[in-house]
Asks: 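I have a structure here, written as structure tokens, and I will follow up with some questions on it.
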There are 2 protein chains.
Amino acid sequence: MGKGEHTRTVILEAALAQASESGFESLTIGSLAERTGLSKSGLFAHFGSREDLQCAAIDAAAQLFADTVMKPAFAAPRGVPRLWAMFEGWLGWTQRGGLAHGCPIHAASVEYDDRPGPMRDRLVGHYRALQQALDKAVRIAIDAGHLRADLDIEQFAFDMFAIVLGYYHAARLMDDARAGERARAAFGRLLADFAVPGALP
Amino acid sequence: MGKGEHTRTVILEAALAQASESGFESLTIGSLAERTGLSKSGLFAHFGSREDLQCAAIDAAAQLFADTVMKPAFAAPRGVPRLWAMFEGWLGWTQRGGLAHGCPIHAASVEYDDRPGPMRDRLVGHYRALQQALDKAVRIAIDAGHLRADLDIEQFAFDMFAIVLGYYHAARLMDDARAGERARAAFGRLLADFAVPGALP
DNA sequence: TTGAAAAAAGCACGACCGTTCGTATTATTG
DNA sequence: CAATAATACGAACGGTCGTGCTTTTTTCAA
């Protein structure tokens, strides 16, 4: 890895840490330069513009999520255990991924949900990819006989995703120590409602 | 209403419109001055600081939510119908409240979930008030015999809130036309799981 | 070791930020 | 109408923003 490439990685790591704290709109050239010890112009030279930096940062966040949550989950046994692995990995994945604060992708999804542009487009793309991976895991759980064949996969994904969002809200803004417990109960109810009776212990 | 009070209301209306679009961190003195036709200094004089303006705006948002969603819902028949009224009123309440875009309170809850200060404190307070109103409505539904007496009220509130968050995500970022349908299905499943059999048609 | 290429720094720019101050305009009251 | 208070304005302040340019330093290969 050349020096420039290494520096770029360092910058993106700092950008992820900051986005985890305060979102992507807080990613300014000046603050990032200070964080990394670079000069403004030196840092700026690695990206054509601030927007390019933000885009690179959100791509890095999506990659980190995939590596931290999805990849390990697909190593779990197929079916419902894998869905649980995904869910558990999802809750508080930022800690495991080395980010001290919130989920930067979630922050971005609120910041850009009404602001057309490359950031929004990228974000939607990453979510669609996540959706597909989730769909796949659910389909496998159906094929494995764990979940009912008449399950509406999109509805299941909606419900599961909603629980994670509820967890973020409760755990972070409301400082609810029982957020994880609540989220697991909700996901358990979701699975129970669509489980094939007797298929799992 | 004196002139100053009227102007202050106009400013806060503009602030809410802007926060609905781009969050509370986008509330700058300059942009708001342009939006209202006031000068920067003229606008600034109505609030001691930008932070005070933001706080006043989020209080106004909470008030608008209460007037638009909670108050009408408490006019609905007690029990599950009232819970449905709350839920329906909640989805897309910003339109009914005169805000063209997203829920400003939701935007704020992501912007300030990791930033201590008066904004976060106020936000948490408003959510606690909402939580209490919701708890009350659920308790009434239990007393009315619509929902099971062993229902965990906090868990119910978590689940219901999560569904709304899932709706926001699907409807706004993902432009999912079926978001409302999905949310209603999820809430219907929540109610069905805790309904007293035969208590409702 | 030297020389080309890459990387980082230095500096300057116009724009906008929140805020302050003094002044002018407008409302309200006696 | 006059006096006074409320309201709004214009200009300016020190800072930070993103972004160009030029120069210096570092890296890496011949």
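The sequence lines fix the lettering, A, B, ..., with proteins before strands; numbering per chain opens at 1.
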Asks: Measuring to OP1 and OP2 of C:dA8, would you say a side-chain N or O of A:T7 lies under 4.0 angstrom away?
Replies: yes
Asks: In whole angstrom, what separates B:E5's CD from D:dA5's P?
Replies: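 Taking CD of B:E5 and P of D:dA5, I get 20 Å after rounding.
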Asks: Report yes if a side-chain nitrogen or oxygen of A:H46 is closer than 4.0 Å to either non-bridging phosphate oxygen (OP1 or OP2) of C:dA6; otherwise report no.
Replies: no
Asks: In whole Å, I'd like the distance from the CZ atom of B:R50 to the C1' atom of D:dT16.
Replies: 13 Å
Asks: Distance check: side-chain N/O of B:S41 vs OP1/OP2 of C:dT19, anything under 4.0 Å?
Replies: no
Asks: Specify the separation, in whole Å, of atom CG of B:D52 and atom P of C:dG18.
Replies: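 Taking atom P of C:dG18 as the reference, CG of B:D52 is at 13 Å.
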Asks: Using atom CG of A:L38 as one end and atom P of C:dA7 as the other, report the distance to the nearest whole Å.
Replies: 12 Å
Asks: Give a yes or no answer on whether the side chain of A:E51 reaches the backbone of A:P118 with a donor-acceptor pair at less than 3.5 Å.
Replies: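 Looks like no, no N/O pair under 3.5 Å.
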Asks: To the nearest Å, how far apart are A:E25 CD and C:dC16 P?
Replies: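 In whole Å, C:dC16 P lies 16 Å from A:E25 CD.
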Asks: Using ring centroids (six-membered ring only for Trp), state whether B:F187 and B:W84 fall under 6.0 Å.
Replies: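 Under 6.0 Å, so yes.
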Asks: What integer distance in Å separates A:R8:CZ from D:dT27:C1'?
Replies: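 Result: 19 Å.
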Asks: For the helix from C:dT1-D:dA30 to C:dG30-D:dC1, measure the angle between the helix axis at one end and the axis at the other, each built from five pairs, rounding to 10°.
Replies: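 That helix gives 10° between its end axes.
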Asks: Centroid-to-centroid, B:F65 to B:H126, below 6.0 Å?
Replies: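 No - the distance between ring centres of B:F65 and B:H126 does not fall below the 6.0 Å cut-off.
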Asks: So, B:S31 side chain and B:T28 main chain: donor-acceptor pair closer than 3.5 Å or not?
Replies: yes
Asks: Give the rounded distance in Å between these two atoms: NZ of A:K40 and P of D:dT23.
Replies: 21 Å
Asks: For A:L43 and B:T28, find the nucleotide of DNA chain C closest to each by heavy atoms; which residue's nucleotide sits nearer the 5' end?
Replies: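 The answer here is A:L43.
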